[in-house]
Amino acid sequence: MQNKDWDGFRSPRVRLIIGGMLLFSLFAFHLFFVHQNLTTTFDDAYMFLRYAENALAGHGIAWNPDGVQTYGATSLLYLGLVIVGRGLFPLAEASAILVVTSSVLGLAALALMVFVLGRVAVSEFFRKNFFILPVFLAILFFLSPDYLFHATSGMDTTLAMLCNTLVIFAALNWAARENTGSLLMLIAAAYASFLARPDDLIYAVVFPALYGLFFLRENRVKKVFQFGMGLAAVLAIDTAVKYVVFGDPLPLPFYAKTAGYDDGYAGAGRWNPVAYLFDFLGLMFPFIFIAMISVSKHTRRLAAVFFIPVLVTFTYFFSVTQIMGFGARYYFPSVPFFVIGAWMLFDRRLEQARFAEVLRSPLRIAVVVLAALILFLPPVGALLEAAYERTFIPTPRVYESEFAQGFETELPELGWWQSISAVSAICEKLPAGTKVGLSEYGLVGARCVHIHIIDPLGLHDPFFAHNGFSSIEFFNREPDLIWFPHPDYTHIISSIQDDLRFRENYEYYPAVFDYGIAIRKDAAAYDDILMSVQRVWEETYPGLGLDDFRFHLP
């Protein structure tokens, strides 16, 4: 009787039903998690909403309502989706639009990976037991804190993951069909990947080129050359259009986040690329394991095609400061190369040998165990992180204002998000056109589209992006209200504090709302600004008097 029961369990129909129930349960859990996290605290995500609001108001792709076209949104494709979402649901909670968009794109990426692998499966084992793949992916990703973080962050990360999957799908289709239609589809997918995240261009160029050189049937070099020239033509047109519209071919964060751009930035060590890389490789370890045990002399070219683009891109990431790189955000768009690459290698290996034979390699098992030790032993990772920081992250030059030593305050620290929320509440009540200088401007910008934001970091300001911060330029713009940048930006802070116009023209409240604020004395909206600051001050610091914390500038 027991044998019959076991035989029933082993039948494809029963396993499919059990797998379907498990998959449905995991999917329901994912939807519940998204529903419970419709408010994102990823401040950068709200920048897309500010651009979307200005676009829908007829200002084009503009950071401020003055209509100056600004290439500050890293992902123009994601911005387009947010604009559509905001236009279709104008009354929806702003954060919910971001979260739903990123979560739907993540699900689409995972579904497309399964679809691609279903089309290319060749082994009998894989085709008969294909249900294992979606269940495996659902268990790994829907229960992963990193994936859930990206799915609800409201950022473009999941879009980049989806577009890279499209590139893989289009390249495989191109090699299978070798016609003009499939080539045009590949060029379109590669361009979409570039629009999703400009650094994805490495994936979009290197992967199709290698796959074509290795797996096209005839005229390989010629056809790869046609792909390269076609994509180059599209990118040339893209560059010309962006020069005309924005004056820049690349998004402003490309310049502002280059390592060493911001003199005096004290937070570089906090965004350690080795730490984020280890986090990501830990999540990808099941696929690394599958790939390592599956590589053979017959599949090594396939392994090279999938993982060389990853290696090149990851190397590039070490040249940028990965600010706000939580959850290995920069590395996460490479997920499709690990998932599809590993399972295709496994599938081809199973076509050549039985499942048990794949595991009969002591050397491979030893290598995998060694990799696991490196990835999962915290002391090893911490040691490599510290070594990288000591060797490659220079000790920053920390600037300090001449009179900063005199700042003393007993104000309680609010914390990053509470401070942002407080300043956004202040700005909501300011008159339209009020000029506000600040660095944490995602939520503030989305809630207060009517104000003019001066960005000292250069992420949305061409002058500062190309020239670095200048207090002369900053005060030439006459900000009415300044919420000082995060303390890590020591050069920007000290330059503002030491400027003569700051000392003569501003009332300064150090450490208020954590970073300190200043109000221009002759601002046209001075009374409105002070009234709004006073109102939020009383809600945030009950029982304390605002004027008691005013610093009298020398």
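Throughout, numbering of the chain's residues begins at 1 and tracks the sequence.
- Within the structure, side-chain hydrogen bond (donor to acceptor under 3.5 Å, both in side chains) pairs that include any residue of residues 87-96 comprise Tyr46-Ser95 (at least two apart or interchain).
- Annotation for Thr158 and Ser102: closest pair OG1-O, 2.7 Å, computed over non-hydrogen atoms.
- Other residues, nucleotides and ligands place no more than 12 heavy atoms under 6.0 Å from the CZ atom of Phe27.
- Contact between Pro249 and Tyr255 at its shortest, heavy atoms only, is CD-OH, 3.9 Å.
- Checked against the 6.0 Å centroid criterion, the rings of Tyr515 and Trp483 qualify as a close aromatic pair.
- Taking CG of Leu81 as the start and OG of Ser75 as the end, the distance is 8.0 Å to the nearest 0.5 Å.
- Here the closest non-hydrogen pair linking Trp417 and Thr41 is CZ3-O, 3.4 Å.
- Among residue pairs with one or both ends in residues 231-242, those qualifying as side-chain hydrogen bond (donor to acceptor under 3.5 Å, both in side chains) are Tyr71-Lys242, Tyr191-Asp238, Asp238-Lys242; sequence neighbours excluded.
- In this structure, Trp271 has its ring center under 6.0 Å from that of Phe326.
- When the salt bridge (Lys or Arg N to Asp or Glu O under 4.0 Å) test is applied to Asp522, the partners found at least two apart in sequence or on another chain are Arg520.
- The two residues Ile482 and Phe475 come nearest to each other via the heavy atoms CD1-CE2, 4.1 Å.
- The 12-atom threshold is not exceeded at NE2 of His35, counting heavy atoms of other residues, nucleotides or ligands nearer than 6.0 Å.
- Across all their heavy atoms, Phe42 and Ser153 have their closest contact at CB-O, 3.6 Å.
- Between Phe502 and Tyr508, the distance separating the two ring centers is shorter than 6.0 angstrom.
- Defined by atom type and a distance below 3.5 Å, a donor-acceptor pair is missing between the side-chain atoms of Thr152 and Asn37.
- Between Trp174 and Tyr211, the distance from one ring center to the other does not fall under 6.0 angstrom.
- Under the 30°/60° scheme for interplanar angles, the aromatic rings of Phe474 and Phe464 are found to be tilted.
- In this view, Asn272 satisfies the side-chain hydrogen bond (donor to acceptor under 3.5 Å, both in side chains) rule with no residue, not counting sequence neighbours.
- With sequence neighbours excluded, the residues that form a salt bridge (Lys or Arg N to Asp or Glu O under 4.0 Å) with Asp199 are Arg197.
- Ser419 is linked by a side-chain hydrogen bond (donor to acceptor under 3.5 Å, both in side chains) to Asp514, counting only residues two or more places apart in sequence or in another chain.
- The side-chain hydrogen bond (donor to acceptor under 3.5 Å, both in side chains) check on His450 picks up nothing, with sequence neighbours excluded.
- Qualifying side-chain hydrogen bond (donor to acceptor under 3.5 Å, both in side chains) partners for Thr157, counting only residues two or more places apart in sequence or in other chains: none.
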Exercise for review: Check the pair Phe141 / His30 against ring-ring contact (aromatic ring centres under 6.0 Å, His included), numbers first and verdict last.
Suggested key: CA-CA 9 Å; Phe141 287 99; His30 180 68; over 10 Å; no
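- Applying the ring pair (Phe, Tyr, Trp, His ring centres under 6.0 Å) rule to His59 yields no partners; only residues at least two apart in sequence or on another chain are considered.
- The backbone N or O of Pro251 sits nowhere less than 3.5 Å from a side-chain atom of Asp248 that would complete a donor-acceptor pair.
- If you look at Tyr276 and Tyr331, their ring centroids are not closer than 6.0 Å.
- The closest side-chain donor-acceptor pair between Gln497 and Tyr506, if any, does not fall under 3.5 angstrom.
- The environment of CG in Leu88 is crowded: more than 12 heavy-atom neighbours from other residues, nucleotides or ligands sit within 6.0 Å.
- Checked against the 6.0 Å centroid threshold, Phe338 and Phe307 count as a close aromatic pair.
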Report, one line per pair, each donor and acceptor closer than 3.5 Å where one atom sits in a side chain of residues 424-445; sequence neighbours left out.
residue	atom	partner	partner atom	Å
Ser424	OG	Ile420	O	3.4
Ser424	OG	Ser421	O	2.7
Ser424	OG	Arg447	NH1	3.2
Thr434	OG1	Pro431	O	2.7
Lys435	NZ	Arg477	O	3.1
Ser439	OG	His486	N	3.3
Glu440	OE1	Trp416	NE1	3.0
Tyr441	OH	Asp455	OD1	2.8
Tyr441	OH	Asp455	OD2	3.0

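- Residue pairs meeting the salt bridge (charged side-chain N to carboxylate O under 4.0 Å, His left out) criterion with at least one member in residues 33-52: none, sequence neighbours excluded.
- Between Tyr489 and Phe469, the distance separating the two ring centers is not shorter than 6.0 angstrom.
- In this structure, Phe317 and Tyr330 have perpendicular ring planes: the angle between them is above 60°, well past the 30° mark.
- In Phe29, the CZ atom is crowded: over 12 heavy atoms of neighbouring residues, nucleotides or ligands sit closer than 6.0 Å.
- For the side chain to side chain contact (heavy atoms under 4.5 Å, CB included) with Ile61, the qualifying choice from Ile83, Leu79, Val245, Thr70 is Leu79, the only one to do so.
- Pairs engaging residues 64-89 under the salt bridge (charged side-chain N to carboxylate O under 4.0 Å, His left out) rule: Glu53-Arg86 [sequence neighbours left out].
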